[in-house]
Structures are given as C-alpha cells and as structure tokens.
Number of protein chains: 2
Amino acid sequence: MSVDRDQVLRSAAAQLTRKGSSTLDEVAKASGISRATLHRHFAGRDALVRALEDLGLKECELALDAARLGEGSAQDALRRLIKEIEPAAGLLAFLVTENQLFEGDDRHEGWSRIDDRMAELFRRGQESGEFRIDLSTAWLTDALYGLVGAAAWAVLDGRVAAKDFSYMIAELLIGGAQRRVES
Amino acid sequence: MSVDRDQVLRSAAAQLTRKGSSTLDEVAKASGISRATLHRHFAGRDALVRALEDLGLKECELALDAARLGEGSAQDALRRLIKEIEPAAGLLAFLVTENQLFEGDDRHEGWSRIDDRMAELFRRGQESGEFRIDLSTAWLTDALYGLVGAAAWAVLDGRVAAKDFSYMIAELLIGGAQRRVES
DNA sequence: TGCGCATGAGACGAATTTGTCTCACGTGGT
DNA sequence: ACCACGTGAGACAAATTCGTCTCATGCGCA
C-alpha cells in the first residue's frame, strides 16, 4: 500500500532523463502514482531533485565502497567500480544533465568527495605506471561520468545490450579503441 | 543593428546548457537581446530548440566534411574529426542533454546520417585492423558523443584547459587510459 | 463489521511563463 | 531632412504549472 520511495525516485529519474521538462504530473504517472501522492512524499520539484541527488550520491558512495578501490591493480579496481556503479547509471545519467545542481557554487559537497575518490584511483594508477600521465585525473574522472551516462542512454535506447554495459565502458576507458597487436 | 542569428543561437545554447529550464527572458538576456526580439526571430521555445538542432546538425556535417574521414588512417581521420568538431562542442553538449528531440521516433533524420558517417569511420578502422572489433561501432559513436559533451562541460567548468580539448578526447578514445610500455 | 490510513481524483487560486500587442527610440539609407 | 526598419521596453491576456485543499475509495487489521 505504502509507496516505495526508492522505486518512485528511480521511475522519476527515468522520466526526467527522457524529458527534463516533465511536469510533476508526468513524473507521477511515470511512477504509477498520483500527483497528490508524489507531492505528499516530496514537497515540490526542488525537493524531488534533491532526493534524486541524495539517492545518486548514496549509491555512488556504496559503489565506491564495494569496489574497494585500494585493493589490487588500479585497472582491476576501475573495472570493479564500473561494475558496481551500473545500478546507479540511470540515476547518474539524469544527474549529470541536471547542471542546475551545480548552480551558484553551492554544489553538494558529497560530489566533491566522490570526485576525489575517483581521482585518487586514477592517481594511484598513474603512480604505479598503469595509467598514462598525460591525461589528467580530473579529465579521466569526467570522462568516466560521460561514458557512464552515454552507456546508460545507449542501453535505454537499445543500441547497446545491457549485459555489455560495464565491459564497453571499462574496455574503452582503460584500453581505448586502438587495437593492440600484442596483448 | 540586425541581430546575428548564429550568435544568438550560440548564446542561447550556452545559457540552456547551464540551465535547461531557462526562461525565454533569461535566454534573451544571455544573448544580449530583448525577449521581443528573440521572439521575432524564433516563434517560440520549440522553434528555438529546433533552430539549435539545425545549427548543430549543420556544424556536425561541416566537421565531418572537413575531416575527410575517408583519407589516411582511421586514427588520423578520427583525430581530425574531433578537432573539427570542437567548435560545435558547446552546441552538442546541449543537444545531447535535450532528449526531447528524440521523443516519439520523429528524431531528425539528419542525426541518423551523422551517426552513420561516424559509425562508418569506426567500421573502416575495424576492417583495417586499427580498431578493436569487440567494441561495437554504435557504442564507439555514442562514446564519442559522450566524451565530447563531458569535455565541453569540463572546459566550461575550468577543469580542463580549452587547448587540451581535442587531445584529451582523441587520446582517451583511441588509446585509452592504459599506459603502453612501448609506443 | 468497523476503524485507521494511505492513496486517487479532482477542484481551486496563485505564480510563472508564454505569445502578442503597442509605442518610442535609434540607426542607416534615400 | 525624412523615412524605413529593426529593436527595447513594457503591458496584457491566455496557458501552463504548482501548491494546497477536500472528499471518496480501497486495503489492511483488530
């Protein structure tokens, strides 16, 4: 009977990813609930977006924890991270397009912490000699976000099979498109 | 006296990239014109977005032409493409987030043609042995869009120097993050 | 059966945005 | 000097969306 808050948020993210200017009524219908109920759980559009941000933030933190970025090679850690972050890809695809969250320098500090943890992984890989040093850790972090968003969108649109999600991202990010004659 | 239509569109794209829900009044002010004038040139919000799409489409076609994708190695052609597409990056960064354009299967056929040309480049690279075949051409195309958008945003936000734009994208897309002991 | 509770549906005014209009101003060309 | 034209500023109603409210329904539970 009671509404599943997380499920509503996921449906809302999917709807808002498809159409960023969706009406609250459209969001509610996409979540299978009425506008009144949506409004009972989230005070307004801002509150809804904030909740989406918090959920995405939480899932990213969990993915970062589960990936154990400090263990093993940086490459393997990155592969684990991409695999762990897959459930949050839909949410991230929306959040990265929601530049409104970054307006006014009051960006949620949580993202800085996540960025730092990712950049730290790339830095570790660079220091160990696994990753090239001519690509900045900031760019690699942004590129990871961009590829996750692109992959999520490609999957939603049927151009990439869902099962290939993490493979496609990890291989491109780590190895690039270039064919290497000797592995 | 007369308004520079393309300049207005670029300013509008920048404003809408920053805040997708910008008012027409905000868009107009960002372009340095009044709402009345904006409305004289573009019938409404839809018409404005359509014009932005057409401009982005045109610039992509021009970039594809200028890159001469059929000449030389696929790698070099891809590097040329990325360099040529840089001026349109801001526009693309907005358009890729404007999923509204893809609603209802009435997507502008022009994008299909562009996608095809890009996919053809990757296919050529795969057939020549330059690119790996385990990453589909559709994914490589989407990844290119995603990286261009991510890079445009990173530059706008000051995390990546504008002069590194094409290098960062090309190197990551072609060579990946992995360090290769022998070049 | 009867109660509690969350929800769905809809109405209502307020706020915002939009589309259209008018009018005055400034510039460029005749 | 005069006119044509594009523009800025603002007013105005229409349309849309939002926030809040009320009421009825359905389900679980005692």
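Worth knowing before you read on, the calculation uses all heavy atoms, side chains too, and leaves out hydrogens, waters and symmetry mates. Proteins come first, then strands; the chains are lettered A, B, ... in the order of their sequence lines, and each starts at number 1.
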*B:D25 CG to C:dG19 P: how many Å, rounded?*
13 Å
_N-O pairing of B:E59 and B:R10 below 4.0 Å_ = yes
*Within this structure, what is the NZ-to-P distance between A:K29 and C:dA9, rounded to whole angstrom?*
7 Å
*For A:R5 and C:dT7, give me the distance from atom CZ to atom C1', rounded to whole Å.*
17 Å
*Short question: side chain of B:E53, backbone of B:R50 - any donor-acceptor pair under 3.5 Å?*
no
*When all nucleic acid strands are considered with a 4.0 Å heavy-atom cut-off, which category describes A:R40: base, sugar-phosphate, or nothing?*
base
*Nearest to the side chain of B:L24, which nucleotide is it out of D:dA9, C:dT18, D:dG19?*
C:dT18
*asked:* Under 4.0 Å, heavy atoms only, any strand: does A:R35 hit a base, just the sugar-phosphate, or nothing?
replied: base
*Of all the nucleotides listed (C:dT7, D:dG19, C:dT17), which has the minimum atom distance to the side chain of B:T23?*
C:dT17
*asked:* Can you measure A:D46 atom CG to D:dT17 atom C1' for me and round it to whole angstrom units?
replied: 14 Å
*Length of the CG-P vector between B:D4 and D:dG6, whole Å*: 16 Å
*asked:* Using OP1 and OP2 only, check whether a side-chain N or O of A:S34 sits under 4.0 Å from C:dG8.
replied: yes
*Expressed in angstrom and rounded to an integer, what is the separation of A:I33 atom CD1 from D:dG26 atom C1'?*
17 Å
*Heavy-atom donor-acceptor pair, B:D4 side chain to B:Q7 backbone, under 3.5 Å*: yes
*asked:* Does either side chain, that of B:S73 or that of B:Q75, offer a donor lying less than 3.5 Å from an acceptor on the other one?
replied: no
*What integer distance in Å separates A:Q7:CD from C:dT7:C1'?*
17 Å
_How many whole angstroms separate atom CG of A:L38 from atom P of D:dG19?_
10 Å
*Hey, are A:R113 and A:E61 close enough for a salt bridge, meaning a charged N less than 4.0 Å from a carboxylate O?*
yes
*From the list D:dC18, D:dG8, C:dT18, which nucleotide is the closest neighbour of the side chain of A:R45?*
D:dC18
*Is the distance from OP1 or OP2 of D:dG6 to the nearest side-chain N or O of B:H41 less than 4.0 Å?*
no
